Every structure is written in C-alpha cells, then in structure tokens.
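Only heavy atoms go into these numbers, but all of them, side chains included; no hydrogens, no water, no symmetry mates. Everything quoted here is computed from the prediction, not taken from an experiment. Residue indices begin at 1 and follow the sequence shown.
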Amino acid sequence: MCEIIKFFPKINFVSIICQYNLLIMKELLYLKDTQLKQLIEKLFTSYRESFSDAKKTLDKYSIGIAHHKVLHLLSMYKGITISELLKKLKVTKQSLNRVLKDLIKLETIFFVKDQQDTRVKHIFLNDKGEKIFEEVFSIQKKRIYNALLNSNSDQVLNFDNVLKKIINE
C-alpha cells in the first residue's frame, strides 16, 4: 500500500504534464498538410519575388543568384576566408571557384593573404563589387522594407523567429 501511495503522486504529476503537453501539441499541430504546402509555396514565391526584383541588375552584369549570394556574404563578412564562405554557402569548392573566377573576371573582388598563414586568403569586395552589391540590395531592400513597414512589431519578431527555426539558427 505504501508503495502505491508513493507512486501515485508521480503518476498524477506525469498525467498533468502529459495533459499540458497535449494542449501545447494541439496548438502547434493546427496546420494541415495543405496549409503547410501553402506556406512552402509562399516561401518559394517570396524567394522568387525578392530575387526577381534584382534579376535585371544581375543580368546587366551577366551574373546570377550564386554570384549574388557570394556578393551578399562578402558585403556582410568583409575579409571572410574561402573555407568560411564554403561553410556559409554549403556548396562544393568547385562551385565556389567557378563563381569566384567570374567575379575576378568582372573585377569585383580581391584577395589578401593571411598574416599568420599565407595559405589562407581573405576575400573582399572592391569598389566595383560594392557598387554592384548596393544596386542589387537597394532593389531588394524596397520590397522587404515595405513588407516590414506594413507589419506590426510582433509580426516582425515572430516572422524572424520562425525563419531562424526553419534555418536551424
């Protein structure tokens, strides 16, 4: 009998926890597959639209989305190394080298050897690279700025939090 009394509070506690978790799970699982598919479609569409705005500028310089991603990261992480860039882009060395060669031909980037380890190269945008990036960014910024401006602070914070969770940040 004593063991049953000792065990009973644990069962009751576990029962309460399970009921609480079920309530949370029901809230989280309110999206049906069709709604999730629609959300994914919105992610595709928002990606397409935010990059289609910049496509004319990219086409003007005969570069594509891969080049734009590199320009964007170089603008954010001045002096990033090739290995750090590979990690951020999650692409092969071959893919990155192709893009970097194009950007070298376009005269938009330059390299600086590391002071301690001369095998390591840091990549920077030059003035032309900064100019191209700013052209593309200013176009994309308008769409995103307008979307954020027409949202309240809770929507912006929640959107940012959801994006971070989607990308496992």
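- Residues Glu49 and Ser46 have side chains that never bring a donor and an acceptor to within less than 3.5 angstrom of each other.
- With contacts defined as side-chain heavy-atom distances shorter than 4.5 Å, the pair Val99/Val91 does not qualify.
- Note on Glu130 versus Lys78: salt bridge recorded, some NZ/NE/NH1/NH2 to OD/OE distance being below 4.0 Å.
- Residues forming a ring pair (Phe, Tyr, Trp, His ring centres under 6.0 Å) with Phe159 (at least two apart in sequence, or on another chain): none.
- Side-chain atoms of Asp114 and His122, non-hydrogen and from C-beta on, do get closer than 4.5 Å to each other.
- Ile82 and Val120 fall into different hydrophobic clusters, where Ile, Leu, Val, Met, Phe, Trp and Tyr residues are linked whenever their side-chain heavy atoms come under 4.5 Å apart, directly or through other members.
- None of Phe137, Phe124, Phe133 except one satisfies the side-chain contact (heavy atoms from CB on, under 4.5 Å) rule with Ser75; the exception is Phe133.
- Checked by atom type, the side-chain pair Gln140/His72 shows no donor-acceptor distance below 3.5 Å.
- Between Phe51 and Tyr47, the ring planes lie tilted relative to each other; the angle falls in the 30° to 60° range.
- Follow the hydrophobic side-chain contacts under 4.5 Å out from Val162 and you never reach Leu148; the two are in separate clusters.
- For the side-chain contact (heavy atoms from CB on, under 4.5 Å) test with Arg98, the passing option among Asp102, Leu96, Leu100 is Asp102; the others fail.
- Considering all non-hydrogen atoms of both residues, Leu103 and Val70 come closest at CD1-CG1, 3.7 Å.
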